[in-house]
Every structure is written in structure tokens, then in C-alpha cells.
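Atoms within a ligand are numbered from 1 in the order they appear, just like the ligands themselves.
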Amino acid sequence: MCGIVAYTGCKEAYPILIKGLRRLEYRGYDSAGVALSQENGISVYKCRGTVADLDEYCSDKNTVSHAGIGHTRWATHGEPTTQNAHPHLSEDGKLALIHNGIVENYLVLKKELMNRGYEFKSETDTEVLVHLVEDIIKTEQVSTFEAVRIALTSVVGTYALALLSADEPDQLILAKKGSPLLIGMGDNEYFIGSDGTPIVEYTKKVVYLDDGDVALARPGKKLEIRNINDNAKKRPYLQKLEMNLDQLEKGGFEHYMLKEIFEQPKAIRDSMRGRLNVRKDVVSLGGIIEYEQKLMNARRFIIVACGTSWHAGNVAEYLFENLVRVPVEVEYASEFRYRNPLIYEDDVVIAISQSGETADTIAAVELAKAKGATVIGICNVVGSTLARATHAGSYTHAGPEIGVASTKAFTAQVTVLTLMALGLARKKGTLSMSEYHTIINSLEEIPNKVQETLKLNDQIKEIAKYFVSKTNAIYLGRGINFPVALEGALKLKEISYIHAEGYPSAEMKHGPIALIDEEMPVVVLATEQETYEKTVSNIQEVIARKGKIISVVTRGDQLVKAMSDFCIEIPETLELLTPLISCVPLQLLAYHVAVLRGCDVDKPRNLAKSVSVE
Ligand code: G6P
């Protein structure tokens with residue numbers, strides 16, 4: 001959720017921190033702050049608002065420093081105010097700390113510290129950490145590094161944190177449990193980030209901290225990592241950061257979201273690369289080969305995910321049940337984890353997550369593993385917590401997704417899930433060779449068809465004008481296009497703040513139909529599929545109540561087109577593959593509506609890209 005950046009070395013720290021915060025802003029953007037080691041001690045500059053506001057605020061301040069920490073916040077405890085913004089200072093002003101995560105027992109710790117005379121300036125859970133460390137330094141006469149380690153043994157909750165100390169001005173103390181933290185190794189210098197985005201410009205050599213690690217980074221000295229609980233020393237494990245700088249730029253697009261929508265042909269191709277070989281009839285996902293037998297013998301697939309990834313899971317339910325003929329349950333990870341669910345050893349749990357850091361999804365994975373199930377991950381961020389927590393998995397290779405509203409990650413997830421279902425279906429013999437050929441040939445054509453669909457951008461921009469003044473919208477779909485309706489509605493509400501609901505078309509008459517009048521836009525996915533005629537009837541029911549129809553149809557359709565107020569024609573494909581195409585106009589529609597309504601598309605209010613708290 002929040003973004004963390006830190007630097008220590010010979011370079012000027014402030015420009016690195018500000019640039020890093022700009023890159024991390026998609027993780028949280030209600031307030032931002034930096035702490036810098038300076039000649040006279042630690043200076044903290046922070047304010048409510050964006051990183052640009054912070055930079056403006058700092059423009060007349062002394063920012064000369066070679067070591068510092070920076071934070072961009074997504075509020076959990078306490079409103080987004082300057083007081084609650086990080087960094088937080090110790091009472092003596094010698095320690096500054098930034099934190100991502102939640103200190104669950106902060107009230108207990110706060111009470112103890114208040115009894116000992118500490119005064120709190122913010123409503124955050126984070127502030128207890130800095131006072132706790134200060135108290136341990138004073139009472140136990142230990143080094144700051146040791147004090148952080150000891151302090152964390154009494155913390156319940158999750159954290160990625162960075163601490164700066166005036167007594168050792170060029171050292172950074174870092175710790176991780178449940179929230180990601182990476183340490184980039186430079187030339188006698190260290191670059192720290194809550195993901196690779198603020199680091200990649202400087203180095204690709206990184207150490208991913210593991211849960212329970214506390215680290216000491218000092219320029220020119222070896223990185224020291226210890227275990228929080230037993231103080232055991234650990235050897236840093238150096239890895240290559242899989243990210244390129246140009247992937248983090250807008251590349252001429254007005255917003256990241258639009259860029260990412262237009263990147264989908266490439267993202268889908270990349271997610272198939274090396275895995276789909278049409279000429280040789282091969283579908284293979286290298287990452288799960290070792291567990292193939294488990295997947296083949298699965299009695300049931302349980303898919304756990306949140307948000308857009310959950311919608312991809314719902315598409316997968318249709319794919320797996322149709323192709324592999326094994327029952328599938330799709331679960332909100334947040335519900336699953338607390339339901340005491342029935343999980344058996346011959347269940348295969350598939351966890352889907354773009355970021356690989358979503359707290360509820362990770363917890364669901366841990367639960368499934370504890371109950372003996374095989375757990376497969378599908379995620380986009382290489383080296384993420386999910387990738388490391390699962391038995392095996394496949395990366396989606398969509399490239400970094402910065403826009404908070406997920407687009408290319410969704411289509412890449414659906415692509416990987418399609419490949420997985422196809423590979424299993426073929427091995428299990430639940431699909432005839434001719435059907436198998438037809439599907440893999442059609443799948444190979446999908447990137448070009450998505451490219452064609454993107455040409456509808458101008459038409460969709462026009463349709464968006466109709467939505468600008470609306471307050472509600474209904475999205476309808478049937479079969480494999482029902483999850484696409486859910487996803488279309490989510491996109492619209494996330495970024496334009498128009499209330500939107502996705503429904504299975506036939507279910508409309510059990511409730512939402514009461515809302516339909518001449519003011520209600522109804523977006524209907526009416527592509528050629530088995531239930532096309534039934535969808536036509538549902539459209540008639542909307543028209544009879546004066547609702548406005550915005551349809552997505554297969555190119556050449558006459559019937560639904562004639563009934564629609566606006567009609568979007570997409571290229572034809574197999575019914576099972578339509579979500580990969582039909583979601584694209586809905587993404588574009590949400591985007592243009594949001595732009596026309598003057599919304600901050602890439603940073604919609606209250607949302608965050610990576611939800612690493614429950
Ligand atoms: C947040 C994001 C969504 C995303 C969801 C799940 O709500 O704003 O775009 O779909 O988290 O994230 P994940 O990284 O697990 O796919």
C-alpha cells in the first residue's frame with residue numbers, strides 16, 4: 001500500500017528519494033514525506049497531498065544530504081494529514097521512521113509507552129515503533145540496530161520499515177514482515193524500495209528481504225541481515241531485478257492506464273511466449289511442470305484472489321470446468337481465509353494476484369498450504385511474496401502495471417489460465433484433438449484481434465460523453481462474459497466514481513430491473529455465444545423500461561445493433577476466448593468517462609494498487 005524509498009551513499013539523497021516517491025506514488029498518495037540526515041541532525045519534511053506537493057514544499061528548504069528515507073502514504077490509522085504523514089520522529093528527534101503495514105497491537109504498546117511518559121503527535125500505529133525503539137535504546141543501552149530488532153519482537157502485525165538515526169547518520173535500518181522491501185546494491189551505496197521501481201534506474205542487483213529479517217545498510221560496508229527472533233546472522237541472497245526503466249514511463253500516453261490498455265496485445269503475446277507452440281501443438285507452463293501430476297489428479301480447483309484478479313478467476317471457472325471437467329470454486333481470499341474452509345490434500349488452490357502482495361491472498365495461500373493442498377500462484381511481479389509462498393506457479397509477464405485500475409494484468413492472467421486449462425485438458429484427454437487445435441489456433445490470433453479492438457478507441461471516446469452526467473450504470477453478461485460484466489462495472493466505478501453493478505443478464509429481473517428508467521445506461525455483452533438469443537430477450541426487457549443499451553457485439557451483428565443506442569463491434573473469436581477481447585472496450589469506456597469527468601485516472605481516490613493490509 002504505502003511506498004518506501006531510502007538511500008545511503010555518496011550521491012545527493014533528496015533527488016533520489018523524490019524521484020523514487022514519484023514512481024511509488026501508485027501505492028498510496030494521500031500524503032508524503034522525507035527524512036534526511038544533515039549536519040545538524042535529522043530534518044523531516046512532510047505534507048498532506050501528492051509527491052509534487054511535497055517537492056514544492058521542500059523547494060525553499062535545505063535538502064543537502066547523502067542519506068535519507070521517503071514515504072508515500074495510503075492511510076489506515078488516522079486521516080491523511082501532515083501530522084499523520086511519515087516519517088515519524090522519536091521524542092528526542094534522533095530517530096526517523098517510515099512504515100508500510102499495520103501494527104495490530106499498537107494500542108497496547110501505545111498505552112505502555114504513554115505510561116512511560118512518551119507523547120504521541122499522530123494517530124498512526126507507526127509512531128509507536130519509533131518510540132519503542134527510542135525507549136529500548138535508552139533503557140537497554142544497545143545499538144540502534146539491536147534496539148530495532150528487540151522492538152520488533154514485541155510487534156504483532158505486518159511491516160516494511162526503514163529507520164534513520166542521527167547518531168549514525170549514514171546508516172539505514174530496514175526490516176520486513178508481511179510487506180515487501182528490496183535492497184539495491186550500488187557502488188558503495190544502497191537503494192531501498194518497497195518495490196523495484198525506485199531502484200531500477202540505479203542497479204539491478206537486489207536483495208529481497210524475507211519475513212523476519214532486519215538489515216543494516218552502511219555505505220562501503222557489507223549488508224548485514226539478522227533474524228528478528230533469534231538474532232541469527234543471514235547471508236544476503238543477491239538476485240537480478242527483472243524490470244526495465246522504459247516500462248515505467250508513460251511512453252507518450254496521457255495516463256499509465258491508457259498505455260497499459262494499449263499494451264495488451266504485447267502483454268498477451270508475452271504471457272504466451274515460449275508456452276504456446278501452435279505448429280508443434282504444445283502448450284506448456286514451465287513453472288508448474290513439477291506439480292503437473294498434482295494438477296492432473298486434482299479433485300477440485302479452488303481459486304483465491306481479490307479485485308480484478310478475482311474476476312480473472314471467475315473467467316477461469318468457465319475455462320477449467322469446460323475444458324478440464326473438474327469442479328472449480330472461486331473465492332474472495334478475504335472471505336476464504338476466515339471461513340474455516342474445507343480444504344483437502346487433493347485440492348489444488350490457484351492464487352491469482354497482479355502484485356503478489358495482496359495480504360488476503362497471501363493469507364489464503366498460507367492457510368491452504370497448512371491444510372496440505374497444492375498451491376499454484378499466478379502473478380505478475382517477479383520475486384513477489386506470492387511467487388515465493390506458493391509451491392509452483394506461472395508469471396504473467398505483462399510488465400509493470402502502474403495504473404491503479406488493473407487492465408493488462410487481467411488479460412495476461414486470463415491468458416495464462418487459458419493455457420493452464422488447455423495443457424491440462426489435453427493431457428487428461430478431456431478435449432478432442434480437433435477442439436484443442438481450434439482453441440490454440442484461435443488463442444494465437446487473440447493479440448491481433450485485441451489490436452483491432454483498440455482501433456475502436458475514438459468511437460468509445462464518443463460513447464463516453466453519454467456517460468458523463470450519469471450516476472449509475474448496469475453491466476450485463478452471460479456465461480464466460482458475466483465476469484467481464486463484473487470487471488467492466490468495477491473499472492467504471494473505480495476511476496469515474498459512477499456507481500456501477502455487474503450482473504448475470506438473466507439475474508437482472510430479480511432486482512436491478514427495478515432501477516431501470518430512461519436515465520439508466522445498461523452495458524450488455526452480447527457477443528455470439530450459446531445464450532445469444534437469451535441475451536436478446538434481456539435487452540428487450542431493458543428497452544421496454546426505457547433503459548439505454550450500450551452493447552458489445554460480434555462484428556457484423558445486425559440484430560442487437562438495431563436495438564442498441566450505442567453499439568461496439570469487436571472481432572469474432574471462440575466463445576471461450578471472448579473475455580480477452582470483450583473486456584477491452586469496457587476498459588476504454590471507463591477510461592474515457594473518467595477523463596471526461598476530470599478524475600485522476602491513474603490515482604483514483606481512496607484506492608491503492610497493492611493492498612498489503614487486510
Ligand atoms: C487493488 C487494486 C486492484 C487489484 C486488487 C487485487 O484493489 O486496486 O486493481 O485488482 O487490489 O490486487 P492483486 O495485486 O492481488 O491482483
**Prompt:** Above 12 or not: heavy atoms from other molecules or residues under 6.0 Å from CD of Glu366?
**Reply:**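 Result for CD/Glu366: enclosed.
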
**Salt-bridge contact Asp347-Arg300 (side-chain N to carboxylate O under 4.0 Å)** =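 Arg300 and Asp347: salt-bridged.
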
**Asked** So, is the end of the Lys176 side chain (NZ or CZ) under 6.0 Å from the ring centre of Tyr159 and within 45° of the ring's axis?
**Response**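 Relative to the ring axis of Tyr159, which defines the angle, Lys176 lies outside at least one limit.
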
**Prompt:** Between Glu357 and Thr385, do the side chains contain an N or O donor and an N or O acceptor separated by less than 3.5 Å?
**Reply:**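 Distance-only check passes for Glu357 and Thr385.
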
**Request:** State yes or no: are the ring centers of His311 and Phe410 separated by less than 6.0 Å?
**Result:**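 His311 vs Phe410: aromatic centres not under 6.0 Å.
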
**Prompt:** Quick one: are the ring centres of Trp74 and Tyr29 less than 6.0 Å apart?
**Reply:**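 No, too far apart.
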
What short N/O contacts, under 3.5 Å, does ligand 1 make with the protein, listed by atom pair and distance?
{"unit_1": "ligand 1", "atom_1": "8 (O)", "unit_2": "Ala608", "atom_2": "O", "d": "3.0"}
{"unit_1": "ligand 1", "atom_1": "9 (O)", "unit_2": "Val404", "atom_2": "O", "d": "3.1"}
{"unit_1": "ligand 1", "atom_1": "10 (O)", "unit_2": "Thr308", "atom_2": "N", "d": "2.9"}
{"unit_1": "ligand 1", "atom_1": "12 (O)", "unit_2": "Thr358", "atom_2": "OG1", "d": "3.3"}
{"unit_1": "ligand 1", "atom_1": "14 (O)", "unit_2": "Ser353", "atom_2": "OG", "d": "3.3"}
{"unit_1": "ligand 1", "atom_1": "14 (O)", "unit_2": "Gln354", "atom_2": "N", "d": "3.4"}
{"unit_1": "ligand 1", "atom_1": "14 (O)", "unit_2": "Ser355", "atom_2": "N", "d": "2.7"}
{"unit_1": "ligand 1", "atom_1": "14 (O)", "unit_2": "Ser355", "atom_2": "OG", "d": "2.6"}
{"unit_1": "ligand 1", "atom_1": "14 (O)", "unit_2": "Thr358", "atom_2": "OG1", "d": "3.4"}
{"unit_1": "ligand 1", "atom_1": "15 (O)", "unit_2": "Ser353", "atom_2": "OG", "d": "2.6"}
{"unit_1": "ligand 1", "atom_1": "15 (O)", "unit_2": "Thr358", "atom_2": "OG1", "d": "2.4"}
{"unit_1": "ligand 1", "atom_1": "16 (O)", "unit_2": "Ser309", "atom_2": "OG", "d": "2.5"}
{"unit_1": "ligand 1", "atom_1": "16 (O)", "unit_2": "Gln354", "atom_2": "N", "d": "2.7"}

